[in-house]
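Below is one structure, written out as structure tokens; comments come after it.
Just the heavy atoms: all of them, side chains too, but no hydrogens, waters or symmetry mates, feed the values below. Protein chains get the first letters and strands the later ones, always in sequence-line order, with residue 1 at the start of each.
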Amino acid sequence: MRNLVEAIRPLLGSVMSQLGVAELDWNDLLAGSTDSAFADVAMPCHSLSRVMRKSPNVIADEILETLGSSTDGVCEVSSVNGFLNFSADSRWLAGLLQDALSDDRLRVSTEESRVIVIDYSSPNVAKHMHVGHLRSTVIGDALNRMLTHKGHRVVPENHIGDWGTPFGMLIEHLIDMGVEKGSQDIDLSTFYSDARAKFDSDSEFASRSRARVVRMQASEPETIELWQMLVDRSLIHFNEVYQRMGVLLTDDDIAGESKYESALPGVVDKLTETGMLEESDGAKVVYLEGWKNRDGDPLPLIIQKADGGYNYATTDLACILDRIENVGSRDFLYVVGAEQAQHFSMVFDVARNADFMDEEVNSIHVSFGLVMGTDGKKLASRTGGAVHLNDLLLEAVERADAIVAQKNPSLSDEERSEVANMLGIGAIKYADLSTDRTNNYTFEWEKMLSFDGNTAPYLQYAHARICSIFSKDGIDRNSIREANIYLNHEREMALGRALIAFPEAFDSACSSHSPHKLATQLHTIAQAFASFYEVCPVLGSEGETRGSRLALCDLTARTLQTGLDLLGIASPQRM
RNA sequence: GGGCGCGUAGCAUAGCCUGGAUAAUGCACUGGCCUCCUAAGCCAGGGACCGCGGGUUCGAAUCCUGCCGCGCCCGCCA
């Protein structure tokens with residue numbers, strides 16, 4: 001109820017100055033009510049007792065009296081137990097809804113545009129994407145969509161694991177497999193583990209692999225060609241998964257570790273210049289204030305290993321420099337699991353201390369918890385290995401297909417298959433996005449695909465129901481953009497309140513990088529709609545009521561569709 | 001041992017940043033509602049010492065602090 005607070009504030013301001021209360025003493029008190037049963041906006045007057053030397057009850061009464069009729073047409077005001085309660089006036093609310101109705105952006109404002117880099121997904125070359133990449137991909141993609149909608153230029157960066165010592169064995173394995181077959185034929189499901197097994201058991205293979213790493217780092221053309229085959233094969237796989245998921249990432253967003261390889265010595269040089277770099281057991285490291293290891297000794301961030309190789313930390317630092325110097329961004333989001341919190345904290349510290357980032361740079365680790373199985377442990381396949389993401393997506397669509405076939409047999413095979421795709425993928429994404437990302441979440445098919453509760457299908461169903469109203473009577477949705485809205489029924493008011501809160505929920509979701517705040521509001525809207533729809537006939541009503549209700553339906557559908565789209569979830573017209 | 005995070009009805013969660021009233025939502029449970037726009041739904045009801053103890057405050061799920069429990073991280077992986 002941000003709008004109502006802002007509408008009331010000036011009215012209250014003049015009253016408070018009449019009563020001789022300083023702005024500082026009351027300004028923060030006016031806020032959305034904690035319980036909508038009381039009011040939309042409330043002001044507890046208890047802390048004013050000290051200033052006004054009266055009881056909260058008397059103060060609230062006095063303010064109410066002084067406000068007089070100034071709030072007419074905006075809200076109704078009452079005084080209860082030392083609280084001033086403000087309830088939105090139906091005409092005032094209807095006015096806002098009409099603004100939203102005629103607005104393509106549904107009253108969502110844009111911010112001054114910034115260039116925001118979002119680091120997400122980050123699968124590994126020569127491996128299948130697995131469940132470990134799910135949350136980063138889903139959350140990162142939602143943030144990409146949300147912040148773009150908020151007016152920013154988002155630069156997605158997909159830091160695929162495409163470099164480092166494992167590639168020696170991967171390339172040698174590729175040679176053993178018969179390169180002439182072409183990269184299309186590489187079977188990623190066992191490629192990495194086969195190579196690893198050979199590396200561990202076959203010393204001849206292992207030494208070839210080590211030699212190959214050296215040749216790779218020397219950019220030997222033949223080796224790079226083989227490496228490229230592995231990358232290309234993997235990109236085909238990544239893109240297949242991204243397309244199935246409906247994720248925005250493309251090959252243009254690939255920023256693998258190899259991209260920064262040539263910049264790594266420069267990072268070492270720069271850190272050497274600052275005098276931060278120290279030597280420890282042959283490695284070049286930075287010691288940071290406040291970090292201790294298990295034994296209580298200072299814990300370093302390793303910049304260059306004793307063997308001359310580099311770590312992830314160095315790549316991250318090179319990447320930070322690249323973003324500032326080449327990408328032109330000062331806002332970095334890292335959508336990476338919570339277990340890497342310490343790593344990022346240390347990298348950011350070094351980057352700031354070395355002046356790679358000044359105070360204007362916002363570098364944020366957007367962390368998230370684990371995907372858990374119903375057994376309470378980290379989700380794994382029956383054999384204990386990582387669950388392949390593609391399998392997970394296929395199963396979701398398959399399960400959705402079976403449900404849709406049962407619930408709505410009238411759909412054609414083609415339409416059912418489209419709908420199943422939207423429902424299945426939407427269900428997986430929504431399950432992830434609808435709870436606070438910092439918590440672990442439990443992966444449960446039955447729950448996420450249920451049509452009851454805070455699930456994607458429930459929201460999609462609400463949207464589809466509205467679409468069917470319009471298609472039933474062949475009403476052109478654009479024709480009601482200028483309709484007058486009248487909120488005469490209690491449930492129309494409730495729906496109106498839910499819809500009005502959409503922009504502020506979205507803003508809050510953006511600023512805290514928490515998609516669940518948007519999801520929660522969408523669920524509230526869908527619930528309010530279902531409740532309204534039950535008792536307020538739309539097509540069966542007449543005159544201005546019919547026009548008004550059609551407008552409410554259109555606004556609800558567009559809000560749900562927009563909101564789901566911002567989360568990366570499709571809204572079927574029928575289901 | 002140190003650091004970070006989490007702990008809210010049987011289960012899953014929101015609210016915590018920025019303190020405010022009878023702690024919100026969903027699942028599950030109980031009872032009602034389809035000659036009527038998708039019952040894939042709606043309405044009503046029961047169910048919570050907000051992990052435990054201190055402190056700050058007129059007021060604490062929310063802020064501070066000490067415990068307890070769980071998870072993750074803690075030197076050449078990413």
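- Scanning residues 508-523 of chain A for heavy-atom distances under 4.0 Å to RNA chain B yields A:His516, A:Lys517, A:His523.
- Among residues two or more places apart in sequence or in another chain, the side-chain hydrogen bond (donor to acceptor under 3.5 Å, both in side chains) test is passed with A:Arg549 by A:Glu492.
- Contact check, A:Tyr458 against B:C42: a side-chain N or O comes under 4.0 Å of OP1 or OP2.
- Ring-to-base geometry does not place A:Tyr312 in a stacked arrangement with B:C77 (centre distance under 5.5 Å, plane angle under 30° required).
- In this structure, the CG atom of A:Leu288 is 20 Å from the P atom of B:C73, given to the nearest Å.
- Of the residues in residues 127-137 of chain A, not one comes within less than 4.0 Å of RNA chain B through any heavy atom.
- Atoms CD (A:Glu490) and C1' (B:C42) sit 14 Å apart, rounded to a whole Å.
- The side-chain hydrogen bond (donor to acceptor under 3.5 Å, both in side chains) search around A:Tyr334 returns A:Arg323, not counting sequence neighbours.
- Looking at the side chain of A:Asp452, the nearest of the listed nucleotides B:A14, B:C37, B:C27 is B:C27.
- Counting to the nearest Å, the P atom of B:C37 and the NZ atom of A:Lys472 are 6 Å from each other.
- Taking atom C1' in both B:C64 and B:C16, one finds a spacing of 14 Å when rounded to whole Å.
- For the residue pair A:Asn57 and A:Ser55, no side-chain donor N or O sits within less than 3.5 Å of a side-chain acceptor on the partner.
- Between A:Phe529 atom CZ and B:U25 atom P there is a gap of 20 Å when expressed in whole angstrom units.
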Which letter, B, S or -, goes with each nucleotide of nucleotides 19-24 of chain B from 5' to 3', with contact meaning a protein heavy atom under 4.0 Å?
-BB---

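- Within the 4.0 angstrom heavy-atom criterion, no nucleotide atom of any strand lies near A:Ala31.
- Across B:C77 and B:G54, the matching P atoms stand 50 Å from one another, rounded to whole Å.
- Note: NE2 (A:His159) to P (B:C77) measures 21 Å, nearest angstrom.
- When rounded to the nearest whole Å, the span between CG of A:Leu317 and C1' of B:A78 equals 14 Å.
- Spacing between B:C6 and B:C52 at atom C1', rounded to whole Å, works out to 16 Å.
- Below the 3.5 angstrom threshold, one finds a donor paired with an acceptor across the side chain of A:Ser280 and the base of B:G75.
- Shown are A:Asn85, A:Asn81, A:Val80; of these, the side-chain contact (heavy atoms from CB on, under 4.5 Å) with A:Phe38 is made only by A:Asn85.
- Here the separation of B:U65 from B:U13, taken at their C1' atoms, is 28 Å to the nearest Å.
- Atom name P, nucleotides B:U62 and B:C17: the rounded distance is 9 Å, in whole Å.
- Listed by first and then second residue, the side-chain hydrogen bond (donor to acceptor under 3.5 Å, both in side chains) pairs involving residues 446-458 of chain A are A:Tyr430-A:Asn454 (not counting sequence neighbours).
- Classification of A:Glu62 and A:Lys54 as a salt-bridged pair holds, one side-chain N sitting under 4.0 Å from a carboxylate O.
- Distances shorter than 4.0 Å separate some side-chain N or O of A:Arg465 from OP1 or OP2 on B:A39.
- With both ends at atom P, the span from B:G32 to B:C50 equals 34 Å, rounded to whole Å.
- Rounding to whole angstrom units, CD1 of residue A:Ile403 and P of B:A40 are separated by 13 Å.
- Residues from residues 296-308 of chain A that place a heavy atom under 4.0 Å from any atom of RNA chain B, listed by number: A:Leu299, A:Pro300, A:Ile302, A:Lys305, A:Ala306.
- A heavy atom lying under 4.0 Å from RNA chain B marks none of the residues of residues 415-434 of chain A.
- Scored by the side-chain hydrogen bond (donor to acceptor under 3.5 Å, both in side chains) test, A:Asn408 finds A:Ser410 as partners (sequence neighbours excluded).
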Under 3.5 Å, which protein N or O atoms sit close to an N or O of nucleotides 3-12 of chain B? Give each pair with its distance.
unit_1	atom_1	unit_2	atom_2	d
B:A12	O2'	A:Lys447	NZ	2.7

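- B:G10 and B:U18 are spaced 34 Å apart, taking the C1' atom of each and rounding to whole Å.
- For the C1' atoms, the distance from B:G31 to B:A23 is 26 Å, rounded to whole Å.
- Rounded to an integer number of Å, the gap from CZ of A:Phe368 to C1' of B:C73 is 15 Å.
- Partners of A:Asp473 under the side-chain hydrogen bond (donor to acceptor under 3.5 Å, both in side chains) rule, at least two apart in sequence or in another chain, are A:Arg546.
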What would the secondary structure line of RNA chain B be in dot-bracket form, counting Watson-Crick and G-U wobble pairs under 3.5 Å, with [ ] for pairs that cross earlier ones and | for pairs with another strand?
(((((((..((((......[...)))).(((((.......))))).....(((((..]....))))))))))))....

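- Using cut-offs of 30° and 60° on the angle between ring planes, the pair A:His365 and A:Phe344 is tilted.
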